[in-house]
Colleague: 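Quick one: the structure is below, and I'll ask about it shortly.
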Amino acid sequence: MACETQWKGLVRALGIVAVLWQVPHLAGAWTLEEAAKPYRGMTIRTIGEALPPLEAMKAMAPEFTKRTGIKVDVEMYEHSEAVNKVMLDLNARRARYDFILQPHRELGKFVANGHLQPVDRFLADARLRDPSFEPDRVLYPALWREISWYKGKVYGFPFTALTMYAWYRADLLNDPKEKAGFKAKYGYDLHAAKTWKEYRDLAEWFHRPDKGLYGTAIQGKRHEALWYEWLNFLYSFGGDVLDVKSGSDCGPVIVNSPAAVESLEYYKSLMKFSPPDTLNYFWDDVMALMQQGKVFELIMWNDATYAVAEDKEQSTVAGRMAFDVLPQGKGGATGQVEGWSYLIPAYSKKQQAAYLFIQWMMAYDQQLKQHLNGGASARPDVYAAADVRKLAYSKASMETNEVARPKATLPQSAEMTDIMVRELSTYLAGQKSAKAALDTSAKDIAKLLGACAPLKYPVP
C-alpha cells in the first residue's frame, strides 16, 4: 500500500513537471523570440486596404522581423480590390496569404465556406500564447465579438475598430464673422450640429460654390461607400436593415420602414449643397476634397481622419479640423460597428507564424504606435494614453464606438450590400422614389435570405 501511494505521488509529480514543460510561462518567462524559433526564416504574406492603419503596420513589421526572423510581406489595395483578391485566393485555395485583413461583414461567408482557421487553438497553445495577452480584458469585449466572432466562435482580432462620424472645418465654425452671420439668419448660435436640421443648416450656410467651397459632399457613386454612408442616416433616424441584435443573426427585413424612407429622403436633400458631380464620388474623393479645403462638413471614417487632420504634407486643413459624434435623430445617439479583422486562412501553411505576428500587433505598444499614425485601436487603454487624447478626432471616435450598431455578417451580406447600392443609386439618380427603392431592396433581401427574414413592412 505504501509503495502504491509513493508510485501515485511520483506520477503526480511527473505530471506536474510535464505540464510545466509544456507551459513556458509557468516554467519560465514566455518570450516572443523563443516562441518564434521554429518559424525563423519564414516569410508570411498579408493583404489589406491602402490606408494609414495598414501603412503603420507595414512600418512596424521590420521590428517584428528583427526579433523573430519572420519576414512580413504586406500587399495594399483599394477597399474593393483588397476584398476581391482575398475572395479569389480563398475560393481557389491557393494559400497566397498567411493572414488577411478583411471587413467583418465578410466573416459569415468565409466561415460558411470553411475558409478560416479559428484562433482558439492558438489561444490554447502555451508555446504560442503570450500570457499577457488577455483579449477579454484588453479589448472592447462587445466590439471584439461583433467584428471577429461568428456564431459564438472566435476567428480573429480587430485590426481596426471603425466607425463614421462628422468632420467639420473648425476654423470656419469658430470664425466670429461666420458666427454673427449664421445667428442672424438661423436664429441660433453656430456650433457643430446636434440634430440633422442643424446639419443641413450648416451645409446650406457654408455652401459657396462660386468661392470653391461646398457645404457638404455625399458619397453618391454606385459603390459600397454609398451604402456605408447612408447607414449613418438610417440608424440615426431610427431605422435598420434587419430587426436583429447581432450581425450574425437573421431576422425580419425592415429596410423599407417609414423611418428608413425618411432618412433616405433627407440624405438626398444634401445633394443640393454638394459638388455637382457628387454622384461620382466615393470615400477617397470626398476625403481629397476635404484635404483641399473645398468642403465644410461631411460624414467619414475614423481610419481616414489622420490624413486630413494631422498630415500637413497631404492636407491643407491639417490643424483646422474638428470631429464630433453624428447628429441625433429619432434613433438617438448612434454610429455603426465596422472593422477590419486579422483572420487566418485555413489553407495557410504558416498559421503559427502568422498568429505570432497578429498577437504581437495586438500588444499595447504596437497598438499605440499604430493608432498615433492613423490607426483605430480596439483597446480602451490606447484611448487613455496622453498622446492619443491630444488627437483632434480621438474623443469622437471613442464616443461613437460606444453607441455603434452592428450590421449583417451573414454569408449573404455582400449580396445584401449590392442590392442596397443598386437601389440607393437609382433613387439618387431620380429613377425611383425613396419608398420604391427601399421596397425593392426589402423584397430582394427577403428573397435572398429566405424564411429567416420575413418582410415586416408590406411591399406592392
Side-chain angles (χ1 to χ4, degrees), residues 164-166 186 193-207 209 214-243 252-283 286 295-300 325-336 405 407 416-446 455-460:
M164 299 183 79
Y165 45 67
Y186 296 98
K194 302 303 179 186
T195 68
W196 288 112
K197 178 187 179 303
E198 292 177 352
Y199 190 85
R200 186 159 48 195
D201 287 347
L202 289 172
E204 181 182 58
W205 173 252
F206 286 105
H207 187 59
Y214 299 95
T216 188
I218 69 168
Q219 301 166 40
K221 185 175 182 177
R222 188 162 176 166
H223 183 276
E224 58 198 298
L226 167 59
W227 173 75
Y228 274 119
E229 184 176 49
W230 174 64
L231 283 179
N232 297 290
F233 299 86
L234 175 66
Y235 295 154
S236 184
F237 275 68
D240 210 325
V241 178
L242 302 178
D243 188 8
V253 180
I254 58 172
V255 75
N256 59 333
S257 68
V261 174
E262 183 183 5
S263 76
L264 186 53
E265 290 174 341
Y266 173 88
Y267 178 61
K268 186 174 182 178
S269 76
L270 296 175
M271 281 180 59
K272 68 178 69 173
F273 311 119
S274 298
D277 52 349
T278 198
L279 295 187
N280 294 319
Y281 292 164
F282 75 127
W283 38 58
V286 298
V295 178
F296 169 72
E297 66 180 359
L298 49 77
I299 308 297
M300 192 56 175
V325 294
L326 294 173
Q328 289 193 33
K330 297 175 184 176
T334 61
Q336 57 179 296
R405 293 174 54 179
K407 59 174 67 72
M416 292 170 62
T417 301
D418 290 343
I419 291 168
M420 292 302 312
V421 169
R422 182 194 71 211
E423 294 305 313
L424 294 174
S425 184
T426 59
Y427 169 60
L428 292 185
Q431 298 170 7
K432 288 183 178 181
S433 68
K435 187 176 187 310
L438 294 180
D439 279 345
T440 302
S441 299
K443 183 169 58 177
D444 289 356
I445 290 173
L455 288 166
K456 187 169 183 178
Y457 297 93
V459 299

Colleague: Looking only at atom types and distance, does a side-chain atom of Q219 sit under 3.5 Å from a main-chain N or O of V286, one as donor and one as acceptor?
Modeller: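 No.
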Colleague: Out of curiosity, I445 CD1 to M420 CE, how far, rounded to the nearest 0.5 Å?
Modeller: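 With rounding to 0.5 Å, CD1 (I445) is 5.5 Å from CE (M420).
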Colleague: Do R422 and D418 sit within salt-bridge range, that is, some charged N less than 4.0 Å from a carboxylate O?
Modeller: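 No.
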Colleague: Testing the basics here: between V241 and L231, what is the closest heavy-atom pair and its distance to 0.1 Å?
Modeller: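 Residues V241 and L231, closest heavy atoms: CG2-CD2, 4.2 Å.
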Colleague: Distance-only criterion, 3.5 Å: show the donor-acceptor pairs between side-chain atoms of residues 425-432 and protein atoms not counting sequence neighbours.
Modeller:
unit_1 : atom_1 : unit_2 : atom_2 : d
T426   : OG1    : E423   : O      : 2.7
K432   : NZ     : E423   : OE1    : 2.7
K432   : NZ     : T440   : OG1    : 3.4

Colleague: Looking only at heavy atoms, which two atoms of S257 and G239 are closest? And how far apart?
Modeller: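 Answer, listing the atom of S257 first, then G239: OG-CA, 4.4 Å.
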Colleague: Can any side-chain N or O of T278 pair as donor or acceptor with the backbone N or O of A217 at less than 3.5 Å?
Modeller: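 Side chain of T278 to backbone of A217, a donor-acceptor pair under 3.5 Å: no, none is there.
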Colleague: Atom CH2 in W196, atom OG in S269: separation rounded to 0.5 Å?
Modeller: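 Result: 10.5 Å between the selected atoms.
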Colleague: Has N256 got a side-chain atom pairing as donor or acceptor with Y457's backbone, closer than 3.5 angstrom?
Modeller: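 Yes, N256 side chain to Y457 backbone: donor-acceptor pair under 3.5 Å.
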Colleague: Provide the closest heavy-atom pair for Y186 versus D201 in the form atom of the first, atom of the second, distance.
Modeller: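 Closest pair (atom of Y186, atom of D201, distance): OH-O, 3.5 Å.
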Colleague: First locate atom CG of L298, then atom CE of M164, and finally report the distance between them rounded to the nearest 0.5 Å.
Modeller: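 The CG atom of L298 sits 8.5 Å away from the CE atom of M164.
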Colleague: Would you give the length of the straight line joining atom CD1 of I218 to atom CG of L270, rounded to the nearest 0.5 angstrom?
Modeller: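 Going from CD1 on I218 over to CG on L270, the span is 6.5 Å.
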Colleague: So, using ring pair (Phe, Tyr, Trp, His ring centres under 6.0 Å) as the criterion, who are the partners of Y214 when residues are at least two apart?
Modeller: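 H207.
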Colleague: Closest heavy-atom contact between W283 and H223?
Modeller: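 In this case the closest contact between W283 and H223 is CZ2-CE1, 3.6 Å.
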Colleague: Just grab all the salt bridge (Lys or Arg N to Asp or Glu O under 4.0 Å) pairs involving residues 269-279, residues at least two apart or on different chains.
Modeller: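 Listed by first then second residue: nothing to list.
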Colleague: Do any pairs count as a salt bridge (Lys or Arg N to Asp or Glu O under 4.0 Å) and have a residue in residues 222-241, sequence neighbours left out, and if so which ones?
Modeller: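 Passing the test, one end in residues 222-241: R105-E224, D240-R405.
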Colleague: Strictly under 6.0 Å, is that where the ring centroids of W230 and F233 end up?
Modeller: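 Aromatic pair excluded; centres sit 6.0 Å or further apart.
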Colleague: Tell me, please, which residues at least two apart from Y165 pass side-chain hydrogen bond (donor to acceptor under 3.5 Å, both in side chains).
Modeller: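 T305.
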Colleague: How long is the straight-line distance from CD1 of I419 back to CG of D444, given to the nearest 0.5 Å?
Modeller: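 Nearest 0.5 Å value for the CG-CD1 distance: 5.0 Å.
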Colleague: Is there a donor-acceptor pair closer than 3.5 Å between any side-chain N or O of S236 and the backbone N or O of P327?
Modeller: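 Yes: the side chain of S236 pairs with the backbone of P327.
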Colleague: Tell me the closest heavy-atom pair linking L326 and T334, and the distance in Å.
Modeller: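 Smallest interatomic distance, heavy atoms only, reads CD1-O, 3.6 Å.
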Colleague: When rounded to the nearest 0.5 angstrom, what is the spacing between CG in L234 and NZ in K407?
Modeller: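 The NZ atom of K407 is 11.0 Å from CG of L234, to the nearest 0.5 Å.
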Colleague: If every non-hydrogen atom of A193 is compared with every non-hydrogen atom of Y199, which pair is closest and at what distance?
Modeller: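 That would be CB-N, 3.4 Å.
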Colleague: By side chain to side chain contact (heavy atoms under 4.5 Å, CB included), which residues pair with A203, not counting sequence neighbours?
Modeller: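 Per chain and number, A203 pairs via side chain to side chain contact (heavy atoms under 4.5 Å, CB included) with T216, F273, E297.
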